[in-house]
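Input: a single structure, listed below in structure tokens.
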2 protein chains.
Amino acid sequence: MVKHLDEKTDALPDHVGWRLWQASRAWQTEFAAAMRAAGHGWFTEARAGLLGHITRGGMRQSALIERSAISKQAIQQLLDGLEADGIVERLPDPQDGRGKLVRYTRKGLDALRDGDRVKIEIERRYIGRLGAERFTALMGALRALAAGQPAARDDKAGAEDQIVESN
Amino acid sequence: MVKHLDEKTDALPDHVGWRLWQASRAWQTEFAAAMRAAGHGWFTEARAGLLGHITRGGMRQSALIERSAISKQAIQQLLDGLEADGIVERLPDPQDGRGKLVRYTRKGLDALRDGDRVKIEIERRYIGRLGAERFTALMGALRALAAGQPAARDDKAGAEDQIVESN
DNA sequence: GGCTTGTAGTCAAGGTACTTGACTACTTAA
DNA sequence: TTAAGTAGTCAAGTACCTTGACTACAAGCC
């Protein structure tokens, strides 16, 4: 699929990496636009990536740090912003004086609900465009690729990350 | 595919958006690691995205700006860095006193060559993991999705971008 | 010629999303 | 009770983007 094009050709590339990137980007753009349309203007990609790791019941900040691929300082900065925007709140952990619990606010839970709805809508559109069979094949291939990856390589940004999950 | 999980579940999500992101990320990580291993330590994702738009024969900086989805100032900053690292060089355009030509240096062309090789290697591994049939189905589905997108939506970051193409 | 408008590129300042390093507060185990 | 580890914060710096304001040159018009 990686074609050798000669000197002056302007053709767009057509290798797996680009196609995956293109599709992923399109999904994210669609999702972010729908979230903004739903009134969640505070929504950004980085925040989505972090929120995806926070369970609906809330969790320790340290647990969040373990789950995410980024540094604890980066997480803290993102949480500072999310807290300032009223999406999450941080409470002292009664079990451990050092720890803090990160919990969704009402506003945050509303956003999660809308996020789920948007995901389903997008998926429905994809199935409409590709047909159920092709869509299933796509998901199967992507899952197979993910299963082949050892979850977290020597690199930090392994396969554990995500954009807005639905735990 | 978007499952509704109850309060405390920690299961990873399994919707198209996440799977696409995961696969795209894995590809990029693999590509970047291979490029670093090949001695191209200057390589970053943003630079790759820009380099992908520069034809092997070189081109006008203004043409590069038209092709890329980002601002001309951002492109200039990236080019400043690439020039400082000796990947590209900028020459005055003899045809137009305002313009500049962006051209690969020897070092830049070497990187492109290695990039093509790495892309082929990764693709080969993917085919090995999925089987030729499934891989073809994956590419077909991704292409169909891309074809369904109107190339550039109202949003700036449309479907025209890419990570290191092979023009 | 001179004048206006448009294009090519640069400079400056600001924001987001990260990084590493150094620190405080608390817990746990010897 | 003290040493060592864990949880979180503070500070400073980098990469990659943005918008706004600017200079230099080109091209069309009179």
Side-chain angles (χ1 to χ4, degrees), chain A residues 25 28-29 32 36 41-54 58-85 87-103 155-157 161 163, chain B residues 21 25 28-29 32 36 41-54 58-85 87-103 155-158 161 163:
Chain A
R25 188 79 174 199
Q28 281 167 36
T29 300
R36 277 195 302 272
W42 51 268
F43 189 90
T44 71
E45 202 177 314
R47 285 173 162 194
L50 184 64
L51 289 178
H53 289 292
I54 306 173
M59 68 195 305
R60 287 284 298 275
Q61 189 166 322
S62 57
L64 188 51
I65 289 162
E66 272 173 32
R67 286 183 133 215
S68 308
I70 55 176
S71 68
K72 61 178 178 178
Q73 295 91 331
I75 286 171
Q76 183 162 13
Q77 287 168 25
L78 286 171
L79 285 177
D80 286 347
L82 287 167
E83 199 172 22
D85 287 351
I87 316 302
V88 300
E89 54 189 354
R90 276 185 282 196
L91 311 165
D93 184 350
Q95 323 265 255
D96 186 335
R98 297 167 300 177
K100 287 197 178 166
L101 295 174
V102 179
R103 213 171 55 176
D155 196 296
K156 245 187 151 184
D161 255 35
I163 301 291
Chain B
W21 179 86
R25 189 80 172 196
Q28 282 168 36
T29 300
R36 278 195 302 273
W42 51 270
F43 189 91
T44 71
E45 202 177 312
R47 285 173 162 196
L50 185 64
L51 290 178
H53 289 293
I54 306 173
M59 68 196 304
R60 286 284 297 275
Q61 190 167 320
S62 58
L64 188 50
I65 289 163
E66 273 174 32
R67 285 182 134 217
S68 307
I70 55 176
S71 68
K72 60 179 178 177
Q73 295 92 331
I75 287 171
Q76 184 164 11
Q77 286 168 25
L78 286 170
L79 285 176
D80 286 348
L82 287 167
E83 198 173 21
D85 287 352
I87 316 303
V88 300
E89 54 189 353
R90 275 187 282 196
L91 311 165
D93 184 349
Q95 324 265 258
D96 186 335
R98 297 166 300 176
K100 287 197 177 166
L101 295 173
V102 179
R103 215 172 51 178
D155 196 295
K156 245 187 150 183
D161 257 34
I163 300 294

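Naming: A, B, ... by sequence-line order, numbering from 1 per chain. Please read all numbers here as calculations on a predicted model, not as lab measurements.
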With sugar-phosphate meaning primed atoms plus P, OP1 and OP2, does B:Asp96 contact a base, only sugar-phosphate, or nothing at under 4.0 Å between heavy atoms?
sugar-phosphate

Heavy-atom donor-acceptor pair, B:Arg47 side chain to B:Trp42 backbone, under 3.5 Å:
yes

I'd like to know if A:Gln77 reaches the base of D:dT9 with its side chain such that a donor and an acceptor end up less than 3.5 angstrom apart.
no

Output the rounded distance in Å from CG (A:Asp80) to P (D:dA7).
18 Å

Let me know the distance between CG of A:Leu64 and P of D:dT9, rounded to the nearest Å.
12 Å

Smallest separation among heavy atoms of B:Phe43 and B:Ala48, with atom names
CZ-CB, 3.3 Å

Distance test, side-chain N/O of B:Ser71 to OP1/OP2 of D:dC17, below 4.0 Å:
no

Would you kindly give the CD-to-P distance between A:Gln76 and C:dG21, to the nearest whole Å?
18 Å

On the nucleotide C:dG9, are OP1 or OP2 found under 4.0 Å from the side-chain N or O atoms that B:Ser62 carries?
yes

Taking for each residue the nucleotide of DNA chain C with the nearest heavy atom, is it A:Ala46 or B:Gly99 whose nucleotide lies nearer the 5' end?
B:Gly99

With a 4.0 Å limit, can you tell me whether A:Arg90 has a side-chain N or O closer than that to the phosphate oxygens OP1/OP2 of D:dA7?
no

Has the side chain of A:Gln73 got a donor or acceptor atom sitting under 3.5 Å from an opposite partner on the base of C:dC18?
no

It should be established whether B:Thr44 places a side-chain nitrogen or oxygen under 4.0 Å from OP1 or OP2 of nucleotide D:dC16.
yes

Let's see if you can work this out: which of C:dA25, C:dT10, D:dG8 has an atom nearest to the side-chain heavy atoms of A:Arg98?
C:dA25

Select base, sugar-phosphate, or nothing to describe what A:Ala74 touches, counting heavy atoms under 4.0 Å on all strands.
base

What is the distance from CD of B:Gln95 to C1' of C:dT7, rounded to the nearest Å?
16 Å

Look at all strands and tell whether B:Lys100 reaches a base, only sugar-phosphate, or nothing, counting heavy atoms closer than 4.0 Å.
sugar-phosphate

When rounded to whole Å, the CZ to C1' distance for the pair A:Arg47 and C:dC18 reads 14 Å

Can you list everything that forms a side-chain contact (heavy atoms from CB on, under 4.5 Å) with B:Asp93? Sequence neighbours excluded, please.
B:Arg60, B:Gln95, B:Asp96, B:Leu101

Could you tell me whether the side chain of A:Gln76 reaches within less than 4.5 Å of the side chain of A:Arg90, counting heavy atoms only?
yes

In whole angstrom, what separates B:Ile75's CD1 from D:dT18's C1'?
13 Å

Step-by-step side-chain contact (heavy atoms from CB on, under 4.5 Å) determination, A:Leu79 to A:Leu64:
CA-CA 11 Å; A:Leu79 285 177; A:Leu64 188 51; 4.1 Å; yes

Comparing nearest nucleotides in DNA chain C, the 5'-proximal residue of the pair B:Leu101, A:Leu78 is B:Leu101

Could you go step by step and tell me if A:Leu78 and A:Ile70 meet the side-chain contact (heavy atoms from CB on, under 4.5 Å) rule?
CA-CA 11 Å; A:Leu78 286 171; A:Ile70 55 176; 4.0 Å; yes

Sugar-phosphate, base or nothing in reach of A:Gln61, heavy atoms under 4.0 Å:
sugar-phosphate

Nearest-Å distance, CG (B:Asp85) to P (D:dC16)?
10 Å

Distance, rounded to the nearest Å, where A:Arg60 contributes CZ and C:dC26 contributes P:
14 Å

